Number of protein chains: 2
Amino acid sequence: MTATFHLLNIEQIGPIVQFHRKKAGLSRVELAMVAGIGKTAIYDIEHGKLTVQFNTLFKVLAALNIKLAVDSPIMDLLEETPNAQR
Amino acid sequence: MTATFHLLNIEQIGPIVQFHRKKAGLSRVELAMVAGIGKTAIYDIEHGKLTVQFNTLFKVLAALNIKLAVDSPIMDLLEETPNAQR
DNA sequence: CATAATTTACCGCCTTGGCGGCAAAAGATT
DNA sequence: AATCTTTTGCCGCCAAGGCGGTAAATTATG
């Protein structure tokens, strides 16, 4: 199970969520229940509402088994030293 | 310049942002201006406010040259067929 | 070590995201 | 094709996010 990362174009988040939801055979109401949020949020996300709250989107992605990753050259530096100063 | 992905633990987003901001030598006000948002948002994010709006967080990450990526096995399927049905 | 300059913390106001409810649309069943 | 079932679209209300302003705290400078 090699990880397959795809750089996120912010305006593609709607189609991505919808595609995964359909693949999972879930209605918006069902996905909303699994994610523990309201159905309106699913509707909004799929319709490209970028002002959705981050944790709301994160719950949806988690429910769809989509993981988020950050791509930054200096992340290693942070992880190696949890109490990194500057 | 190989991409270095790090799976995102949602509650680590605050420290990640702060670490990158400090590394860039920016104050919160400066980062806010670069990102085109208010300084309060930076403050909130660094203090672990997960209810921040997604596009607000995205602007901050972009200003810090942090890219977001999605990890999903079926993403290839979506990208290959832009008008994928089910 | 005093004080000036910068950065951070927090407050109240205003805007808006997220909610349930319900109607419209789409799909299934006979 | 008529009707029952499921899904989607959208409305108004309420709670909360994001804003600038300002005080507190931190850091730099002479």
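Note that the structure is predicted; figures quoted are calculated from it, not measured.
- Going from atom OH of A/Tyr43 over to atom P of C/dG18 covers 14 Å, rounded to whole Å.
- Going from atom CZ of B/Phe5 over to atom CE of A/Met75 covers 12.5 Å, rounded to the nearest 0.5 Å.
- Rounded to whole angstrom, the span from the CG atom of A/Leu26 across to the P atom of D/dT7 amounts to 10 Å.
- Although no hydrogens or angles enter the test, the distance criterion places no donor-acceptor pair under 3.5 Å between the side chain of B/Arg28 and the main chain of B/Lys39.
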A/Ile45 vs A/Val52, test: side chain to side chain contact (heavy atoms under 4.5 Å, CB included). Steps then yes/no. CA-CA 7 Å; A/Ile45 292 172; A/Val52 63; 3.9 Å; yes

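- Taking hydrophobic clusters as Ile, Leu, Val, Met, Phe, Trp and Tyr residues chained together by side-chain heavy-atom distances below 4.5 Å, B/Ile42 does not share a cluster with B/Val34.
- Near DNA chain D, meaning a heavy atom under 4.0 Å away, the residues from residues 29-41 of chain A are A/Val29, A/Lys39.
- Taken to the nearest 0.5 Å, the CD atom of B/Gln53 stands 10.0 Å off from the CD1 atom of B/Ile37.
- Atom NZ of A/Lys22 is separated from atom P of D/dT7 by 12 Å (rounded to the nearest Å).
- One finds the NE2 atom of B/His20 at 9.0 Å from the CG atom of A/Leu77 (value rounded to the nearest 0.5 Å).
- A salt bridge does not link A/Lys67 to B/Asp71: none of the charged side-chain nitrogens sits closer than 4.0 Å to a carboxylate oxygen.
- Within residues 46-65 of chain A, the residues approached by DNA chain D to less than 4.0 Å at the level of any non-hydrogen atom are A/His47, A/Gln53, in residue-number order.
- Distance check, rounded to the nearest 0.5 Å: CZ of A/Phe58 to CD1 of B/Ile10 gives 4.5 Å.
- Of the candidates D/dT8, D/dC10, C/dT8, D/dT8 carries the atom nearest the A/Arg28 side chain, counting heavy atoms from C-beta on.
- Between A/Arg21 and D/dT8 there is a side-chain N or O to OP1 or OP2 distance below 4.0 Å.
- Looking at every heavy atom in both residues, A/Ile13 comes nearest to A/Leu61 through CD1-CD2, 4.3 Å.
- Direction of the helix axis in the helix from C/dC1-D/dG30 to C/dT30-D/dA1 shifts by 50° between the two five-pair termini, rounded to 10°.
- B/Leu8 CG to B/Leu68 CG: the interatomic distance, rounded to the nearest 0.5 Å, is 7.0 Å.
- Distance A/Ile42 CD1 to D/dT7 C1': 14 Å, rounded to the nearest Å.
- Here the CG-NZ distance, from B/Asn55 to A/Lys49, works out to 11.0 Å after rounding to the nearest 0.5 Å.
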